[in-house]
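Per chain, numbering begins at 1; letters A, B, ... match sequence-line order.
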Number of protein chains: 2
Amino acid sequence: MALIKPRSRRGGGRPTIADVARKAGVGAITVSRALREPERVSEELRRQIQAAVDELGYVPDPNARALASARAEVFGVLVPSLTNNVFAEVVRGIYDSLSDSPFRIQLGNTHYSGLEEERLLQLFGSQRPAALIVAGIDQTPTSRKLLENAGCPVVQVMETGPDPVDMMVGFSHLDGGRTATEHLIEMGYRRIGFIGARMDPRSQRRLAGYRAAMEKAGLFDPRLITTTPLLSSVPLGRELFRDALAKVPSLDGVFCNNDDIALGVLFECHRAAIDVPKTIGIVGFNDLDMMQVAFPSITSIRTYRYEIGRRAVAMALAAIAGDRPEQRVVDLGFELKRRESTAR
Amino acid sequence: MALIKPRSRRGGGRPTIADVARKAGVGAITVSRALREPERVSEELRRQIQAAVDELGYVPDPNARALASARAEVFGVLVPSLTNNVFAEVVRGIYDSLSDSPFRIQLGNTHYSGLEEERLLQLFGSQRPAALIVAGIDQTPTSRKLLENAGCPVVQVMETGPDPVDMMVGFSHLDGGRTATEHLIEMGYRRIGFIGARMDPRSQRRLAGYRAAMEKAGLFDPRLITTTPLLSSVPLGRELFRDALAKVPSLDGVFCNNDDIALGVLFECHRAAIDVPKTIGIVGFNDLDMMQVAFPSITSIRTYRYEIGRRAVAMALAAIAGDRPEQRVVDLGFELKRRESTAR
DNA sequence: CAGGAAAATGGTAGCGCTACCATTACGCAG
DNA sequence: CTGCGTAATGGTAGCGCTACCATTTTCCTG
């Protein structure tokens, strides 16, 4: 009956780095190094240690690691919505880019609320993340300060702008809105409405692009604009279009703030037997894959959401590795996809 | 020139619990308690401590907390896809239910891969999460063992089944598939196809439900089934429908494995001038909100994804609090939404 | 008013890991 | 053979917090 030191009362008896070290006959620190910087440990010890790790089924405790190194292997990601396909794609890009790395992802949903964003930033910051990726460039002053003091690379995504906290990947929503509207004008539409839900800052800028194009063509009329603070959806698109049409019966085109709205408009046109594109032209935004198979297919502004996510991670990873990219603001652009819904 | 102990070289100089304790004139442990179990600290000290916390801007370090208590305030969530609206809704339910709690969420994307699931479970487990929520009930033996040994409440979501690891919230996909198919039969359709992409276990069970209904009615014909391992999408729905129709020109109805596919079918019908519901009846699955505004509106099986997420969290929270619910398997059911696409 | 339970507070000793600074081993120039 | 730079390894001391076990104070009961 040996007097063995009892297994620690707390940690649930999982093997620790000390167990591995004992089994491999080396110091704990060497195990730590073998795991994190293998090139600094001799070939032989590395093998021994690996064997011990496998045999014991050792998995490092990320919490202990984070505490000791004052750095968690976590990417904090903040988006305003989880169900909106646009952000889901960005998030997917982020996940795919990080799946082979040691980094975990901490995803936060701000619900389009600045206050919520501050709360989450505070929470995420307390973990000492390796990097932060946040959607949008319109942080509150408090949030901005939080980002600046985060002590890690920060990437603002979805949009580009003049004053990055650190890095940015996105495109110009204003230009997107203008391009969409100019296309409608070019195709001969005149009484072109803007329909948008959930007018977040990006939507506001698309609207500004719409307005710029309309004013330049001498077609602007505030009555052509229909918006709501409600969350965007296909049914809502249908409702808003009916409102818009009731307000301006001479409407002959719509630039929809996103594809959900556009689809709602299309369905209402079918239902009301309004000819698309003859009577009404429709342009969406984001180019969800259903746009190209809709009947008629819907013209839309293609955006590179997935790529934004990938790029953001690539830039953050580079910054973590020490080489700050010289190009701190990356504009991924967009592309107008001309389709049947505007082919008058 | 006092010999003040230098600010720790590591932790970046943020205030710690000791700083708060000093400022409030109490012991560190009392601060810890005031923050976690306020009712165990006297009114007065609580106020003093709160004041110190506010003044210093103290935020507890979750890593240190997790290490000391061998328990991280983290919910691990594993889903096969981030962009599929179905899982996005479940995840949204989880986030909304947890937003006012101290728990963070660790979201993992398995890409429908058992291996990836094992990897993530291993990773998540190493953090000692407070609870695990995983999609599906068909874990590999390794994953199942990992879940059983996680040492925390586990909720399997999306489906119900006979043998929960711990708890379950979902519904019967087999019954859903059967109900959808029976509806088509009842409405007078006879050559009813099944169209499905990404045949994960849930899709397989919907197919089984379809098959059961068809066989019972003496209508089953394997040529009516069209599937692909590709990821589901609206364009793919269109493709598959064309394939199905080429294979079986007499097709007069389709049960689509999900609403994306159904929408693709509808668009193709428009394009090919096939009358819905006269010539072809369409039923979808999940009842995305666009189904009710499509033209014609599409019959679908309504599922309660958001509610599944909420319920899963509620059950996990209850288990954490110590009261294991006696009902460990919760069936949230589904509802057939009859619409124009089957109103022959 | 003693006795004892309960409430309120604090001290100590880690949790499992890594930063920092030795220490040792080795090779090679002088 | 000495001296010294470099590579490889290890020991020590925390990281910031909480579990565990005192200790003190308060308040009841008989």
For the side chain of [X], starting at C-beta, report the closest nucleotide among [options].
{"X": "B:Val41", "options": "D:dA8, C:dT9, C:dC15", "value": "C:dT9"}
{"X": "B:Ile29", "options": "C:dG16, C:dC17, D:dA19", "value": "D:dA19"}
{"X": "A:Ser69", "options": "C:dA19, D:dG16, C:dC17", "value": "C:dA19"}
{"X": "B:Asp61", "options": "D:dG11, D:dC17, C:dT9", "value": "D:dC17"}
{"X": "A:Arg65", "options": "C:dC17, D:dA8, D:dC17", "value": "C:dC17"}
{"X": "B:Val26", "options": "C:dG16, D:dC17, C:dG10", "value": "C:dG10"}

Does a side-chain N or O from [X] land closer than 4.0 Å to OP1 or OP2 of [N], or not?
{"X": "A:Arg36", "N": "C:dA19", "value": "yes"}
{"X": "B:Arg40", "N": "C:dA8", "value": "no"}
{"X": "B:Thr30", "N": "C:dT9", "value": "no"}
{"X": "B:Ser42", "N": "C:dT9", "value": "yes"}
{"X": "B:Ser32", "N": "D:dC17", "value": "no"}

How close or far is atom [atom2] of [N] from atom [atom1] of [X], stated in whole angstroms?
{"X": "A:Arg71", "N": "D:dG16", "atom1": "CZ", "atom2": "C1'", "result": "16 Å"}
{"X": "B:Leu67", "N": "C:dA13", "atom1": "CG", "atom2": "P", "result": "18 Å"}
{"X": "B:Leu56", "N": "D:dG16", "atom1": "CG", "atom2": "P", "result": "14 Å"}
{"X": "A:Glu73", "N": "C:dT18", "atom1": "CD", "atom2": "C1'", "result": "12 Å"}
{"X": "B:Glu37", "N": "D:dT18", "atom1": "CD", "atom2": "P", "result": "10 Å"}
{"X": "A:Gln127", "N": "D:dC15", "atom1": "CD", "atom2": "C1'", "result": "16 Å"}
{"X": "A:Glu44", "N": "C:dA25", "atom1": "CD", "atom2": "C1'", "result": "14 Å"}
{"X": "B:Glu39", "N": "C:dT9", "atom1": "CD", "atom2": "C1'", "result": "15 Å"}

Problem set entry | Close side-chain approach of B:Arg311 to B:Val157, heavy-atom, < 4.5 Å | no
For this session: Measure the shortest side-chain to side-chain distance between B:Val26 and B:Arg33 over non-hydrogen atoms and say whether it is less than 4.5 angstrom.
Result: no
For this session: Please figure out whether B:Val31 or A:Val31 has its closest DNA chain D nucleotide nearer the 5' end.
Result: A:Val31
With the threshold set at 4.0 Å, does a side-chain nitrogen-carboxylate oxygen contact exist between [X] and [Y]?
{"X": "A:Arg310", "Y": "A:Glu307", "value": "no"}
{"X": "A:Glu148", "Y": "A:Lys145", "value": "no"}
{"X": "A:Glu44", "Y": "A:Arg47", "value": "no"}

For this session: Would you state whether a donor and an acceptor, one from the side chain of A:Arg33 and one from the base of D:dG10, lie under 3.5 Å apart?
Result: yes
Problem set entry | Exercise: do A:Arg36 and A:Ser32 side chains pair donor with acceptor under 3.5 Å | yes
